There are 2 protein chains.
Amino acid sequence: MTERFSIGELGRRTGCKVVTIRYYEQIGLLDAPERGEGGHRVYERAHLDRLSFIRRARDLGFSHDDIRSLLTLSTGPAAGPCQAVDHVAAAHLDAVRAKISDLRRLELILVSVLDQCGRTTVEACCVLDALRAPSAEDGVRPAFVTTV
Amino acid sequence: MTERFSIGELGRRTGCKVVTIRYYEQIGLLDAPERGEGGHRVYERAHLDRLSFIRRARDLGFSHDDIRSLLTLSTGPAAGPCQAVDHVAAAHLDAVRAKISDLRRLELILVSVLDQCGRTTVEACCVLDALRAPSAEDGVRPAFVTTV
DNA sequence: TATACGATCTATAGTCCCTATAGGTTCAAG
DNA sequence: CTTGAACCTATAGGGACTATAGATCGTATA
């Protein structure tokens with residue numbers, strides 16, 4: 001009695017959008033399943049497990065490349081060492097921490113700028129001042145933040 | 001004696017890559033400059049100021065849309081109120097703070113997972129465990145982090 | 001003056017991780 | 001049998017760039 005689900009059901013069980021599942025298949029993160037008579041995808045337990053893994057890893061911010069490594073490692077020799085896994089996770093943790101400290105610096109600057117600026121004019125606006133000339137906190141040149 | 005610079009010089013003075021300057025022109029963030037005889041871009045003081053503004057705003061994590069607003073506001077009536085500017089900055093600060101708290105949650109989870117996992121096997125790896133089944137911190141389903 | 005080399009030009013595609021749209025087909029309930 | 005939800009493919013978009021290719025320009029040196 002093998003369980004078999006449609007793409008919609010798989011999506012519901014993993015909290016993953018249908019389009020995203022198809023996208024994961026397209027980029028080779030999730031195996032292409034068999035097709036039913038009408039051409040609809042028919043998934044099995046293994047797909048559910050793998051997609052759950054992928055989703056949890058994404059929730060933790062791992063990139064697709066990281067996830068590929070983790071999946072390969074997780075299906076490798078069960079008795080083998082897990083150093084490589086730890087390494088991926090540790091590198092990710094470093095990246096998370098770096099991002100946090102970047103954002104904290106940003107937060108401080110924004111707070112200090114906003115604090116000074118109480119309903120003044122455009123001419124005297126502290127926020128705009130901070131952008132018009134090198135900021136008070138000199139040497140602020142992060143060059144890292146792409147999206148917030 | 002109007003100052004005039006090449007794109008390379010402008011890049012050097014603003015810490016902005018040449019390709020990025022051309023890109024900003026393409027998306028209408030920076031005005032297209034005049035061209036010299038050979039077709040090379042010739043920039044003036046106003047471009048330098050505007051690009052500096054843009055770069056500082058990017059360093060602070062403002063989006064292109066935010067920057068467009070800020071630029072419009074900064075060139076508006078000098079005696080007008082700067083509430084709108086403050087509003088953009090305050091909204092951005094909120095976004096930065098939200099991102100920080102997201103990342104901190106991630107950090108905690110990664111730390112706790114990595115702490116438990118001392119050179120074990122793939123089979124017993126805590127990191128992989130956290131991905132294979134719902135994590136110890138139950139209800140972890142951020143659905144927010146895209147890039148770190 | 002010839003030449004070499006760096007700086008510039010345009011146009012296009014790729015990155016990351018999806019999301020959205022259009023237009024068609026299949027499935028399941030009533 | 002009909003309706004409507006779910007499914008299918010293919011393609012384009014988004015944000016903020018980055019990379020590549022192939023051509024032209026400008027300038028310093030021999």
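Just the heavy atoms: all of them, side chains too, but no hydrogens, waters or symmetry mates, feed the values below. This is a predicted model, so every value here is computed, not measured.
Spacing between atom CZ of B:Phe62 and atom P of D:dA16 amounts to 13 Å, rounded to whole angstrom units. B:Ile54 has its CD1 atom 12 Å from the P atom of D:dA16, to the nearest Å. The nearest whole Å value for the distance from the CG atom in A:Leu10 to the C1' atom in D:dC7 is 14 Å. At whole-Å resolution of the value, CG in B:Asp66 and P in D:dG15 are 12 Å apart. Across the protein-nucleic acid pair, A:Ile27 atom CD1 and C:dC16 atom P stand 10 Å apart, rounded to whole Å. Between the CD1 atom of A:Ile21 and the P atom of D:dC8 there is a distance of 10 Å, given to the nearest Å. A straight line from CZ of B:Phe5 to P of C:dT8 spans 13 Å, rounded to a whole angstrom. Rounded to whole angstrom, the span from the CD atom of B:Glu25 across to the C1' atom of C:dA11 amounts to 14 Å.
Between A:Tyr24 and C:dC18, a side-chain N or O to OP1/OP2 separation shorter than 4.0 Å is present. Listed pair B:Arg55 / D:dC17 meets the phosphate criterion, a side-chain N or O lying under 4.0 Å from OP1 or OP2. One finds a side-chain N or O of A:Arg58 lying less than 4.0 angstrom from the OP1 or OP2 phosphate oxygen of C:dC18. Side-chain nitrogen and oxygen atoms of A:Ser6 include at least one within less than 4.0 Å of the OP1 or OP2 phosphate oxygen of D:dC7.
The side chain to side chain donor-acceptor pair (under 3.5 Å) check on B:Arg13 picks up B:Glu9, with sequence neighbours excluded. Shown here are the ring-ring contact (aromatic ring centres under 6.0 Å, His included) partners of A:His40, two or more places apart in sequence or in another chain: there are none. Remark: A:Arg41 pairs with A:Glu25 by the side chain to side chain donor-acceptor pair (under 3.5 Å) rule, at least two apart or across chains. A:Arg45 pairs by the side chain to side chain donor-acceptor pair (under 3.5 Å) definition with A:Asp49, not counting sequence neighbours. Taking the ring-ring contact (aromatic ring centres under 6.0 Å, His included) definition, one finds that A:Phe53 meets it with nothing, sequence neighbours left out. Contacts of B:Phe5 classified as ring-ring contact (aromatic ring centres under 6.0 Å, His included), with partners at least two apart in sequence or in another chain: none. Evaluation of the ring-ring contact (aromatic ring centres under 6.0 Å, His included) rule for A:His87 yields no partner, not counting sequence neighbours.
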Sequence neighbours excluded and cut-off under 3.5 Å, please list the side-chain donor-acceptor pairs for residues 69-82 of chain A, or say none.
from    : atom 1 : to      : atom 2 : distance (Å)
A:Ser69 : OG     : A:Asp65 : O      : 3.2
A:Thr72 : OG1    : A:Arg68 : O      : 2.8
A:Ser74 : OG     : A:Leu71 : O      : 3.1
A:Thr75 : OG1    : A:Leu71 : O      : 2.9
A:Thr75 : OG1    : A:Thr72 : O      : 3.1

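Listed nucleotides: D:dC7, C:dC17, C:dC9. Nearest to the side chain of A:His64: C:dC17.
Residue pairs meeting the salt bridge (Lys or Arg N to Asp or Glu O under 4.0 Å) criterion with at least one partner in residues 71-82 of chain B, sequence neighbours excluded, are absent.
Inter-residue side-chain proximity for A:Tyr23 and A:Leu29 is flagged as unmet; no heavy-atom pair is nearer than 4.5 Å. Counting heavy atoms from C-beta outward, A:Val42 and A:Arg35 have side chains that stay 4.5 Å or more apart.
Looking at B:Arg50 and B:Tyr43, their side chains never bring a donor and an acceptor atom within 3.5 Å of each other.
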For nucleotides 18-21 of chain D, give me every protein contact, N/O to N/O, under 3.5 Å, one pair per line with atom names.
from   : atom 1 : to      : atom 2 : distance (Å)
D:dT18 : OP2    : B:Thr20 : OG1    : 3.1

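Between A:Val18 and B:Asp65, the residue whose closest nucleotide on DNA chain D is further toward the 5' end is A:Val18.
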5'-to-3' dot-bracket of DNA chain D (Watson-Crick, G-U; under 3.5 angstrom; crossing pairs as [ ]; | other strand)
||||||||||||||||||||||||||||||
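As judged by a 4.0 angstrom heavy-atom cut-off over every strand, A:Ile7 is placed among residues touching the sugar-phosphate backbone only.
Contact check of residues 31-45 of chain B against DNA chain C (heavy atom, cut-off under 4.0 Å) returns B:Arg35, B:Gly39, B:His40, B:Arg41.
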